[in-house]
Amino acid sequence: MFRNKVPTKQVNRLVSKYKNITTKRNPLSYKVLSSNNLYNTAHYSTSTNDSNPSIAYINSPKAPKAVGPYSQGVKANGHFYVSGCLGIVGETGEMVGETTVDQARQALTNLKYVLEEGGCTLNDVVKTTVLLTDINDFKAVNEVYSEYFSGDSKPARVCYAVKDLPKGGKVEIEAIAIYKE
């Protein structure tokens, strides 16, 4: 963002020269706003209609229902945000078992179900967040995690130790993926 206003003459020249720019590598549109807009900034848009962004709420019948008032996943302008998945079995609504390993495996399976419902795979995941009630389970969860994310498709990740998780869970995993419309 410019701190000072750019002279109108320069902005008008840029507007006429660069109305919409797209490339093969990045097909997203770039629009230059008119000189009447605050600070005369360039505006980045992933939608052809800025007033109506592309948003879809995703819920998989294979994954357990959300334990609160939220969607299992939300697709918005090329990003797919998957809510935290617990080790709950979809058919029963109960935790899969007592061990962190069992719960991590089920949480990742649930994550996969939500991704598939939204038209993505684990290979499309770019970032995950892992929540553990006991940080000493870090190594065991890593072993399960590596069964799902291996090879070159390892997303960025952060892991936190937390006091408690819903329904007495020991592990919760959320993700952000990229999807192609």
Side-chain angles (χ1 to χ4, degrees), residues 25-28 44-48 50 52-181:
R25 292 186 74 176
N26 186 3
L28 304 175
Y44 177 70
S45 172
T46 59
S47 172
T48 55
D50 291 338
N52 187 17
S54 171
I55 297 176
Y57 300 94
I58 307 299
N59 289 292
S60 171
K62 293 181 182 178
K65 292 184 181 188
V67 296
Y70 57 87
S71 298
Q72 291 173 343
V74 177
K75 290 171 73 172
N77 294 327
H79 296 89
F80 187 10
Y81 302 93
V82 180
S83 295
C85 295
L86 294 164
I88 299 173
V89 178
E91 296 84 30
T92 65
E94 300 296 323
M95 281 293 166
V96 70
E98 291 294 318
T99 70
T100 304
V101 169
D102 290 341
Q103 289 186 21
R105 188 168 282 112
Q106 185 64 46
L108 286 162
T109 299
N110 292 338
L111 178 73
K112 189 172 91 170
Y113 289 154
V114 177
L115 287 166
E116 288 170 353
E117 188 69 24
C120 291
T121 68
L122 290 169
N123 290 333
D124 298 316
V125 174
V126 294
K127 169 85 168 56
T128 62
T129 301
V130 178
L131 306 173
L132 299 172
T133 57
D134 184 352
I135 200 65
N136 293 316
D137 292 329
F138 183 79
K139 184 177 178 181
V141 171
N142 272 344
E143 290 176 20
V144 175
Y145 188 92
S146 68
E147 295 171 16
Y148 289 80
F149 296 105
S150 59
D152 293 333
S153 64
K154 293 178 190 157
R157 185 184 82 177
V158 63
C159 181
Y160 298 109
V162 298
K163 184 176 182 285
D164 292 310
L165 289 170
K167 294 195 129 196
K170 296 183 179 205
V171 62
E172 183 174 3
I173 303 171
E174 68 175 23
I176 300 172
I178 303 297
Y179 74 94
K180 297 169 186 77
E181 293 186 55

Rounded distance (nearest 0.5 Å) linking atom OG1 of T109 with atom NZ of K62: 11.0 Å
Side chain to side chain contact (heavy atoms under 4.5 Å, CB included) between V141 and L132, worked out: CA-CA 9 Å; V141 171; L132 299 172; 3.6 Å; yes
F149 vs T128 side-chain heavy atoms within contact, under 4.5 Å: yes
Residue pair E94 / I88, side-chain heavy-atom distance below 4.5 Å: no
Side chain proximity check, I135 to Y160, heavy atoms < 4.5 angstrom: no
R105 charged N/C atom sitting above Y145 aromatic ring, 6.0 Å / 45°: no
Gap separating the CG atom of L108 from the OG atom of S146, nearest 0.5 angstrom: 10.0 Å
Crowding at NZ, K75 (>12 non-hydrogen neighbours, <6.0 Å): yes
Pair Y81-S71, side-chain donor/acceptor within less than 3.5 Å: no
Passing candidate, side chain to side chain contact (heavy atoms under 4.5 Å, CB included) with L165, options K170, E172, Q103: E172
Side chain to side chain contact (heavy atoms under 4.5 Å, CB included) between L86 and M95, worked out: CA-CA 8 Å; L86 294 164; M95 281 293 166; 4.2 Å; yes
Validation row: D134, T100 side chains within 4.5 angstrom (heavy atoms): no
Nearest atoms (heavy-atom pairs only) where A107 meets C85: CB-O, 3.3 Å
OH (Y57) with more than 12 external heavy atoms under 6.0 Å: no
Single hit among T129, V125, I173, V130 for side chain to side chain contact (heavy atoms under 4.5 Å, CB included) with R157: V130
Modelled atom types, side-chain donor and acceptor of Q106 and D102, under 3.5 Å: no
From L115 atom CG to Y179 atom OH, the distance as rounded to the nearest 0.5 Å: 13.0 Å
Side-chain heavy-atom pair P64, N110 within 4.5 angstrom cut-off: yes
Between CG on residue N59 and OH on residue Y113, distance to nearest 0.5 Å: 16.0 Å
